[in-house]
Amino acid sequence: MTDQETPEGSATPSFVPVGFLVPGGLDAGDFRLLPLGPEHNERDHAAWTGSIAHIRATPGFVGRSWPPEAGMTLEANLRDLEKHAADFAQRRGFTYTVLEGRPSCEVIGCVYIYPDRDDAAVTAVSSWVRADRAALDVPLYVAVRDWLAKDWPLARVDYAAR
């Protein structure tokens, strides 16, 4: 997920209303969502690099270039996480890490909430879970879909059904 640029070259303004308080996470019992940041680097990197084929076969990721089949270095992953954290802080997009339910802090997936690249009126949402937690893909999808409908001011959401 990358920053979008306006014709003038400045970053796209927030796609949520200025007064909207962006949720700091979601507790769904078997898993919880927290804003993704550099502090998750090693655990995030291990989670997706061990599940590349599974993620690339997940609805919403089929035919996309991420995750790269050859993986990426831990340093490149850190830069990616820093970019997601900056997007979150600047309200350009919201990426949440998916952690296994308490007491574990194990990263088991990720959720991306960004304006659609082709239509800024649409919010593009995608999510993945590790291959060894594939049974959580549908519960994650349902929890995120319902959370977005209930707690977010998003008119049109494109989130590949499970």
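If you're wondering where the values come from, they're calculated on a predicted model, not measured in any experiment.
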Between [X] and [Y], does any side-chain N to carboxylate O distance fall below 4.0 Å?
| X | Y | answer |
| --- | --- | --- |
| D27 | R32 | no |
| R156 | D116 | no |
| R56 | E69 | yes |

Does some side-chain heavy atom of [Y] sit less than 4.5 Å from a side-chain heavy atom of [X]?
| X | Y | value |
| --- | --- | --- |
| L33 | T97 | no |
| F94 | H84 | no |
| P115 | R92 | no |
| I108 | L99 | no |
| V98 | L140 | yes |

Write down the atom of [X], the atom of [Y], and the distance for their closest heavy-atom approach.
| X | Y | answer |
| --- | --- | --- |
| A143 | F31 | CB-CZ, 3.9 Å |
| P67 | I55 | CD-CG2, 3.5 Å |
| T95 | C110 | CG2-SG, 3.6 Å |
| A85 | P38 | CB-CD, 4.2 Å |
| H45 | T73 | NE2-C, 3.7 Å |
| V129 | H54 | O-CD2, 3.1 Å |

Quiz prompt | Trace of the side-chain contact (heavy atoms from CB on, under 4.5 Å) decision for V144 with S127 | solution = CA-CA 9 Å; V144 170; S127 63; 5.6 Å; no
Practice problem: Decide yes or no on side-chain contact (heavy atoms from CB on, under 4.5 Å) for E42 and V107, but give the supporting numbers first. | Solution: CA-CA 9 Å; E42 287 87 10; V107 172; over 6 Å; no
Between [atom1] on residue [X] and [atom2] on residue [Y], distance to nearest 0.5 Å:
| X | Y | atom1 | atom2 | result |
| --- | --- | --- | --- | --- |
| R133 | E106 | CZ | CD | 5.0 Å |
| M72 | I52 | CE | CD1 | 9.0 Å |
| E39 | L78 | CD | CG | 10.5 Å |

Quiz item: Parallel, tilted or perpendicular: which fits the ring planes of Y96 and F88, with parallel below 30° and perpendicular above 60°?
Solution: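 Rings of Y96 and F88: perpendicular, over 60°.
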Quiz item: Would you call the rings of Y112 and W66 parallel, tilted or perpendicular if under 30° counts as parallel and over 60° as perpendicular?
Solution: perpendicular
Practice problem: Apply side-chain contact (heavy atoms from CB on, under 4.5 Å) to the pair V16 and T123, showing each step before the final yes or no. | Solution: CA-CA 10 Å; V16 294; T123 300; over 6 Å; no
Quiz item: Under 3.5 Å, is there a donor-acceptor pair between the W128 and D137 side chains?
Solution: no
Quiz item: Among W152, Y141, W147, which residue meets the ring-ring contact (aromatic ring centres under 6.0 Å, His included) test with Y159?
Solution: Y141
Self-check item: Flag, side chain of R91 to backbone of D87, donor-acceptor distance under 3.5 Å
Solution: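 Checking the backbone N and O of D87 against the side chain of R91, no donor-acceptor pair under 3.5 Å is found.
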Quiz item: With no hydrogens and no angle check, is any side-chain donor or acceptor of R43 less than 3.5 Å from a backbone partner on N41?
Solution: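 Checked: no pair found.
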Self-check item: Working for side-chain contact (heavy atoms from CB on, under 4.5 Å), residues V125 and D158
Solution: CA-CA 6 Å; V125 178; D158 180 14; over 6 Å; no
Practice problem: Please answer: with hydrophobic residues joined when any side-chain heavy atoms are less than 4.5 Å apart, are V22 and L26 in the same cluster? | Solution: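 They do share one cluster, since a chain of ILVMFWY contacts under 4.5 Å joins V22 to L26.
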